[in-house]
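Down below is the structure, laid out as structure tokens.
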Amino acid sequence: PIGDRVHTPIPSCWVNQIICNVLQNESLRVLELKENHLDEKAGEVIGELIKSHPSLTQLDLSSNRIEGRGGQTIARALRTNTTLTDLNLSWCQLDPMPFLSALSTSLRHHSSSGLSSLVLVGINLGGGSGAFPHIRDILTHCTSLHSLDLSNNYFRDEEGEEIFSSFDSRKGGNSLRRFSILSNTRY
């Protein structure tokens, strides 16, 4: 029965080959690779391959160890990728500042981005990480964004205020339909 299946992560020696083969399938629309112990190198491979993927609309990499350059490469891929609408990087051990800096730069320079859902649950945005000017920038420039989930990031009061101030400065009106900040205990 389906309920009796045990989740077994992809062995790390297969990851890059699987990612390369799967992303060469130009009709692929949804790629879910959560909880597979993907690392920084896998993030770099995924980022390079999604730059110009013609049909990928949903990418779920949640609960992996995509750190440093892996997260930045994925964020930079959105500078040229126009098909990706849903990106979930929850619980990835991203370095928030470099990742969000690369993401805000990509979205600022690519006005035809189709990104409509961004899920960044539990990536340590709060606590003085300096990530909030970049979140404000994303909210200001990515007018296609309809859903943003920043739950479990533990904001300080001033960090929350910085996010909320961005709602007043959105160009072209506020297209955000869902904004989640659940379980963000104050310091």
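By convention here, the first residue in the shown sequence is residue 1.
- One finds the OG atom of Ser55 at 6.0 Å from the CG atom of Leu28 (value rounded to the nearest 0.5 Å).
- The shortest non-hydrogen separation linking Lys34 to Asn36 is O-ND2, 3.1 Å.
- One distance of note links SG of Cys92 with CG of Asn124; it measures 11.5 Å at 0.5 Å rounding.
- The two atoms that bring Asn64 and Leu38 nearest to each other are OD1-N, 2.8 Å, heavy atoms only.
- Residue Leu148 is grouped with residue Leu84 when hydrophobic side chains (ILVMFWY) are merged at heavy-atom distances under 4.5 angstrom, including chains of intermediate members.
- Residues passing the ring pair (Phe, Tyr, Trp, His ring centres under 6.0 Å) test with Phe132 are Phe155, sequence neighbours excluded.
- Taken together through direct or relayed side-chain contacts under 4.5 Å among Ile, Leu, Val, Met, Phe, Trp and Tyr, Leu49 and Leu59 form part of one hydrophobic cluster.
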- Task: Assess whether side-chain contact (heavy atoms from CB on, under 4.5 Å) is satisfied between Arg108 and Asp137, documenting all intermediate values.
- Result: CA-CA 8 Å; Arg108 188 178 333 114; Asp137 197 39; 2.7 Å; yes
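- Nearest heavy-atom pair, His134 versus Ser104, reported as atom, atom and distance to 0.1 Å: ND1-OG, 3.5 Å.
- Annotation: the span from Leu78 atom CG to Thr105 atom OG1 amounts to 12.0 Å, rounded to 0.5 Å.
- The structure places CG of Asp39 at 6.5 Å from CZ of Arg65, a figure rounded to the nearest 0.5 Å.
- Here the shortest heavy-atom pairing between Pro96 and Leu125 reads CB-CD2, 3.8 Å.
- If you take CD on Glu44 and CZ on Arg69, they are separated by 4.5 Å, rounding to the nearest 0.5 Å.
- Within the 4.5 Å cutoff, side-chain heavy atoms of Leu100 are placed close to those of Leu120.
- Thr80 places no side-chain N or O within 3.5 Å of a backbone atom of Ser52 that could act as its donor or acceptor partner.
- Proximity of Asn88 to Ser62: side-chain heavy atoms (C-beta onward) are separated by under 4.5 Å at one or more points.
- What you find for Ile50 and Asn81 is that their closest heavy atoms are O-ND2, 2.6 Å.
- Of the residues Leu87, Leu176, Asp86, the one that meets the side-chain contact (heavy atoms from CB on, under 4.5 Å) test with Ser116 is Asp86.
- When side chains are defined from C-beta on, Leu31 counts as touching Leu56, because their heavy atoms get closer than 4.5 Å.
- When every heavy atom of Cys142 is checked against every heavy atom of Leu115, the shortest pair comes out as SG-O, 3.8 Å.
- Residues Phe179 and Val121 do not share a hydrophobic cluster, defined by chaining ILVMFWY side chains whose heavy atoms lie under 4.5 Å apart.
- Taking CD1 of Ile74 as the reference point, atom CD1 of Ile66 lies at 4.5 Å (rounded to 0.5 Å).
- Note: the hydrophobic cluster containing Phe99 does not contain Trp91 (ILVMFWY, side chain heavy atoms under 4.5 Å, direct or indirect links).
- Hydrophobic clustering (ILVMFWY, side-chain heavy atoms < 4.5 Å, transitive): Val119 and Ile46 are in distinct clusters.
- In this model, a donor atom of one side chain and an acceptor atom of the other lie less than 3.5 Å apart for Ser180 and Ser151.
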